[in-house]
Structures are given as C-alpha cells and as structure tokens.
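These notes concern the structure reproduced below.
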Amino acid sequence: MKMKFNDQKKLYRQNALTQSDILYLLDSRGLDVTVVSGKCADIIRSIHGSMSRLAPMGDDERRSLWFEVKGKRWEWYRLSVSTYKDRHYLYITGDTYDHHVFCDKDDCNSRHCFYEDELVGIFSKIEKYVAGLVDNILSAPEQYNSYVEKYLSYYRREGLIKRSVLNSLIPDNSYDGIDILRVINIYENQVEPTLFSEMTIRRYMHYWRIAYEAVYGKMSGDDIEVFRHSSKGHETREYNLDSEDDFRRWKSDVSPYHGFDVVYARVHLYPTYTNGQWHFYVGTGSYWNLDDCFRAVIGLSDAGISVELGEVDHILGILKETDYVEITPYAYRYMQGDDIGSQMKLPYADEVGKVVIKEIVENTKWNKLEKVSPLA
C-alpha cells in the first residue's frame with residue numbers, strides 16, 4: 001500500500017542528521033581526503049556493510065543515497081560509498097562548498113584528522129541513520145525512488161536548457177561595451193593569421209601589451225615595464241630581448257607556468273611556429289572570461305594583427321545562442337563538451353524572481369536521477 005507523504009517524510013527522516021552534525025565534519029577541497037582510524041574507520045566499514053545491501057551504481061562499487069538533513073529548513077544531501085584498492089571511502093555532499101570525504105586508509109591525497117575522538121559520536125549517528133534508511137528503502141525501493149524524484153530540490157539536480165531560452169529569461173549582460181556582431185564576424189570568417197619571419201621577446205612583448213591594454217586599459221611606461229604585469233614579466237632579464245634563439249629558450253622555460261597569459265590562467269596569447277613562420281594564437285577555456293578574450297582579439301585586430309582563434313565552435317554557439325547551458329550545483333568557469341557552452345547554478349528567487357525560476361525549471365531537461373535498488 002502506498003504511503004501518504006507525511007508518513008514517507010517520517011520514515012525517511014527517522015534519526016535524521018542535523019546541519020550542526022554536517023558542519024562539524026572536515027571539509028574537503030578538490031581531491032582532499034580525510035583519513036580516520038580506530039573506531040571511526042570501523043564505522044566507515046560498517047556503513048559500507050549497510051550500503052552493500054543495495055545494488056552498485058557505478059565504478060569502484062559506488063552506491064549513493066539522497067537524504068534530508070534538519071536545519072532551519074530540511075536540506076538535501078547525498079551520501080556515497082566506494083571501494084578502491086582495499087580503501088573504503090565515505091562521501092557526504094551538499095553544495096559546492098559542502099563536501100566531505102573520509103577514508104579508512106591513507107591515499108595520495110589524504111590528510112589526518114587530529115580530533116578523531118570527537119568525530120566518533122557523529123560517525124555513530126551517521127551509521128545508525130544509514131542502517132535505518134537502507135532498511136526502509138529495501139522494504140519499498142520504488143516508494144523511496146518516487147519520493148526522491150518528486151521532492152528532491154532542483155538546486156541539487158542537473159539538466160540542460162537552451163541558451164536562447166535562458167537568455168530570454170535572464171538577459172546576458174556579460175559583453176556590454178563589446179561589438180558582438182564584429183566578434184561573431186571575426187570568428188565566423190577567420191582569416192589567415194598574421195605571419196612573422198622572426199619572433200623575439202621584444203616583439204612578443206609589444207603585441208602582448210596591445211592585447212593586455214585592450215583588456216585592462218592604457219598603461220604608462222615602455223613595453224618592458226608593461227610586460228612586468230605578466231606573470232613572467234620579471235623573468236626576461238637573463239635573455240637577449242632581440243635574439244630569436246633566446247626567445248625560443250624563454251618560450252620553453254615559461255611554457256609550463258602561465259608564461260603567455262594576458263589574463264592570468266584564463267586568456268592566452270600563445271606564439272606558434274609553423275612552416276618556418278610565427279603567428280599568435282588567442283584562446284580561453286573559461287566561459288567567465290570570454291569578454292576579456294574578445295577584447296584581446298579586437299585589440300589585436302585594430303592593430304592589424306590577425307590571430308589563430310581557439311574554441312571557435314563553442315564561442316559561436318554561445319554568441320549565436322545555438323548551444324545549451326548546463327544547470328548544476330557544481331557550476332564552474334570552464335566550457336564543456338559537445339553543445340554545452342557553459343554551466344550555471346540555478347539562481348534563487350531573490351536574484352531573479354519566483355516567476356523566472358519557475359520558467360527555468362519548466363524549460364530545463366533535467367537528468368534522470370539514479371534509482372536505488374536491492375542487491376540482486
């Protein structure tokens with residue numbers, strides 16, 4: 001018999017964790033893993049035992065559950081376990097900055113917890129909650145899946161929306177002051193890049209300055225002084241600025257370390273040598289810095305310099321609104337694969353209004369949620 005919503009809530013929220021519990025856990029940034037031992041490690045293995053009653057859902061015996069945490073309001077979190085090289089991992093994830101990873105053995109990204117004894121109580125609470133939740137899920141798996149499908153917050157989901165639709169709801173003002181029709185023309189009708197028979201550090205600095213000032217505005221001083229704004233601008237002193245051999249040596253020395261960045265780590269003016277000639281390549285993988293990239297390209301074009309352009313298909317898809325935007329709680333700056341030009345988090349009502357949120361949700365094709373099932 002199908003349970004009523006209030007009965008489902010009570011069932012899945014029995015012995016629920018609280019926001020205070022979650023806040024006490026060590027945060028993980030990037031690939032950071034917190035290693036625990038003793039009682040906490042035993043509890044992680046016990047949680048694995050409870051979760052092993054469910055069918056694996058991914059590589060490394062991954063199994064995952066959505067669950068609710070009690071605070072000022074109920075918040076959705078995801079708990080996952082996985083096993084790799086005899087190490088047992090436990091993941092508890094909320095939003096981008098609410099991520100906690102624990103392991104019962106050292107790995108290459110691990111750090112040790114220095115207040116492990118104080119974690120035992122919370123780990124025990126997690127253990128009890130997971131065991132009870134798995135029991136309740138196994139009694140009626142489809143009921144749990146339906147509950148999550150219906151009530152999981154859209155702020156925890158991922159999906160795709162057409163950029164043209166999104167821009168009609170939230171106008172994109174990222175390129176104010178930039179002649180976008182001209183940018184589209186430059187990217188659609190690419191010309192051969194300007195060729196140089198010789199490249200020196202002095203010549204590179206001159207054209208780097210043009211791109212840099214197109215982004216940041218006019219600078220005082222000569223090219224050498226302005227180039228010191230570059231991450232490698234102070235590393236030209238040991239080289240002959242007018243020697244191509246020294247340019248090649250400098251290029252090799254700084255290539256691994258953001259040596260050609262107009263905008264640090266984001267927009268690049270890269271010198272390329274092909275068929276006995278030099279030319280410049282301008283590109284960025286960062287959607288958040290497209291405006292800077294366009295300013296650099298236009299600035300060089302105004303100076304009579306054509307460049308090889310990077311990410312052309314992505315950029316044209318974004319500017320002509322023919323691609324998609326991925327909505328995800330883990331949105332980041334980089335352009336994605338295929339027809340996904342960028343990512344964004346679902347905005348909140350106080351940012352764009354409830355009506356706009358409703359329209360975004362209705363026009364987004366949301367990814368199917370993983371279903372939980374018993375171990376066969």
Side-chain angles (χ1 to χ4, degrees), residues 5 8-9 11-13 16-17 19 22 27-28 51 54-59 62-82 90-101 130 133 136-137 141-170 172 287-288 323-373:
F5 170 59
Q8 290 177 323
K9 280 200 302 186
L11 184 67
Y12 302 132
R13 292 174 176 178
L17 303 177
Q19 283 288 346
I22 300 294
D27 290 332
S28 296
M51 295 288 284
L54 305 173
M57 302 165 77
D59 294 339
R62 180 184 61 80
R63 295 166 169 89
S64 301
L65 294 174
W66 288 102
F67 68 101
E68 294 170 276
V69 170
K70 186 177 182 180
K72 291 182 179 178
R73 61 177 184 268
W74 289 89
E75 296 278 359
W76 284 93
Y77 279 73
R78 198 177 195 212
L79 181 144
S80 300
V81 297
S82 66
L90 170 67
Y91 309 80
I92 297 176
T93 305
D95 63 21
T96 308
Y97 304 105
D98 197 357
H99 182 59
H100 318 275
V101 184
V130 171
L133 181 58
N136 291 328
I137 290 170
E142 284 310 310
Q143 182 174 276
Y144 168 80
N145 289 325
S146 297
Y147 178 81
V148 173
E149 180 67 49
K150 185 172 182 178
Y151 297 109
L152 179 66
S153 169
Y154 284 103
Y155 291 96
R156 292 290 184 264
R157 300 184 189 227
E158 297 182 320
L160 298 179
I161 185 170
K162 290 181 179 179
R163 188 179 300 276
S164 57
V165 174
L166 180 64
N167 285 355
S168 72
L169 297 169
I170 307 175
D172 186 354
Y287 169 76
W288 296 353
D323 67 342
Y324 290 84
V325 176
E326 182 179 27
I327 296 181
T328 168
Y330 313 110
Y332 199 44
R333 67 174 70 247
Y334 297 113
M335 288 180 273
Q336 305 299 303
D338 301 326
D339 294 327
I340 306 171
S342 61
Q343 298 176 319
M344 66 171 282
K345 295 182 180 181
L346 182 65
Y348 288 94
D350 60 354
E351 297 174 307
V352 297
K354 291 182 180 179
V355 173
V356 172
I357 299 296
K358 183 174 182 290
E359 289 290 327
I360 292 174
V361 168
E362 290 178 352
N363 283 280
T364 298
K365 183 179 180 181
W366 297 100
N367 296 350
K368 291 184 177 179
L369 299 175
E370 288 184 313
K371 291 190 179 296
V372 176
S373 58

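Count residues from 1 along the sequence. Computed from a predicted structure; not experimentally measured.
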- Rounded distance [0.5 Å steps], CG in Asn367 versus CD in Glu158: 6.0 Å
- Item | Residue list, ring-ring contact (aromatic ring centres under 6.0 Å, His included) with Phe67, at least two apart or on another chain | Tyr129
- Message: Among residues at least two apart in sequence or on other chains, which ones pass side chain to side chain donor-acceptor pair (under 3.5 Å) with Thr364?
- Response: none
- Task: Apply side-chain contact (heavy atoms from CB on, under 4.5 Å) to the pair Asp27 and His100, showing each step before the final yes or no.
- Result: CA-CA 5 Å; Asp27 290 332; His100 318 275; 3.0 Å; yes
- Query: So, is the end of the Arg13 side chain (NZ or CZ) under 6.0 Å from the ring centre of Trp74 and within 45° of the ring's axis?
  - Reply: yes
- Run the salt-bridge test on Glu75 and Arg73 with the 4.0 Å N-O cut-off and return the result as yes or no. yes
- Query: Crowded around Lys371 NZ? As in, over 12 foreign heavy atoms under 6.0 Å?
  - Reply: yes
- Message: My understanding is that only residues two or more places apart in sequence, or in another chain, count here; which of them pass side chain to side chain donor-acceptor pair (under 3.5 Å) with Ser28?
- Response: none
- Task: For residues Asn363 and Ile161, report the shortest heavy-atom separation together with the two atoms involved.
- Result: O-CG1, 3.7 Å
- Query: What residues form a salt bridge (Lys or Arg N to Asp or Glu O under 4.0 Å) with Arg163, not counting sequence neighbours?
  - Reply: Asp323
- Sequence neighbours excluded, every pair satisfying salt bridge (Lys or Arg N to Asp or Glu O under 4.0 Å) that has a member inside residues 332-361: Lys358-Glu362
- Query: With ring centroids as reference points, do Tyr154 and Trp366 lie under 6.0 angstrom apart?
  - Reply: yes
- For the atom pair CG (Leu11) and OH (Tyr144), what is the distance rounded to the nearest 0.5 Å? 11.0 Å
- Measure from the side-chain N and O atoms of Trp76 to the backbone N and O of Val148, and report whether any donor-acceptor pair falls under 3.5 Å. no
- Message: Test of understanding: with side chain to side chain donor-acceptor pair (under 3.5 Å), list the residues that count as partners of Tyr77, not counting sequence neighbours.
- Response: Gln19, Asp98
- Note on the structure: By ring-ring contact (aromatic ring centres under 6.0 Å, His included), Tyr287 pairs with (sequence neighbours left out) none
- Item | Val356 to Val352 - nearest heavy-atom pair and separation | CG2-O, 3.4 Å
- Using the test side chain to side chain donor-acceptor pair (under 3.5 Å), find all partners of Asn167 that sit at least two apart in sequence or belong to another chain. Glu321
- Stepwise side-chain contact (heavy atoms from CB on, under 4.5 Å) test for Lys70 and Leu17: CA-CA 6 Å; Lys70 186 177 182 180; Leu17 303 177; over 6 Å; no
- Message: When you compare the side chain of Pro347 with that of Ile360, does any pair of heavy atoms fall below 4.5 Å?
- Response: yes
- Query: For the atom pair CZ (Arg157) and CG (Leu346), what is the distance rounded to the nearest 0.5 Å?
  - Reply: 11.0 Å
- Query: For Leu160, which residues count as a side chain to side chain contact (heavy atoms under 4.5 Å, CB included) partner, sequence neighbours excluded?
  - Reply: Tyr324, Glu326, Ile340
- Note on the structure: So CG of Leu369 and OG of Ser64: to nearest 0.5 Å the spacing works out to 11.5 Å
- Note on the structure: One should read off an interatomic distance between Leu79 CG and Trp66 CH2, to the nearest 0.5 angstrom, of 11.0 Å
- Not counting sequence neighbours, which residues clear side chain to side chain contact (heavy atoms under 4.5 Å, CB included) with Tyr334? List them please. Arg266, Tyr332, Gln336
- Item | Worked check of side chain to side chain donor-acceptor pair (under 3.5 Å) between Tyr91 and Ser82 | CA-CA 9 Å; Tyr91 309 80; Ser82 66; 3.2 Å; yes
- Note on the structure: Between Tyr330 and Gln343 the two heavy atoms that sit nearest each other are O-OE1, 4.0 Å
- Between the side chain of Ser168 and the main-chain N/O of Val165, is any donor-acceptor distance below 3.5 Å? yes
- Task: Would you give the length of the straight line joining atom OG of Ser342 to atom CE of Met335, rounded to the nearest 0.5 angstrom?
- Result: 9.0 Å
- Is the Tyr155 ring parallel, tilted or perpendicular to the Tyr348 ring (thresholds 30°, 60°)? parallel
- Glu370: salt bridge (Lys or Arg N to Asp or Glu O under 4.0 Å) partners, not counting sequence neighbours: Arg62, Arg78
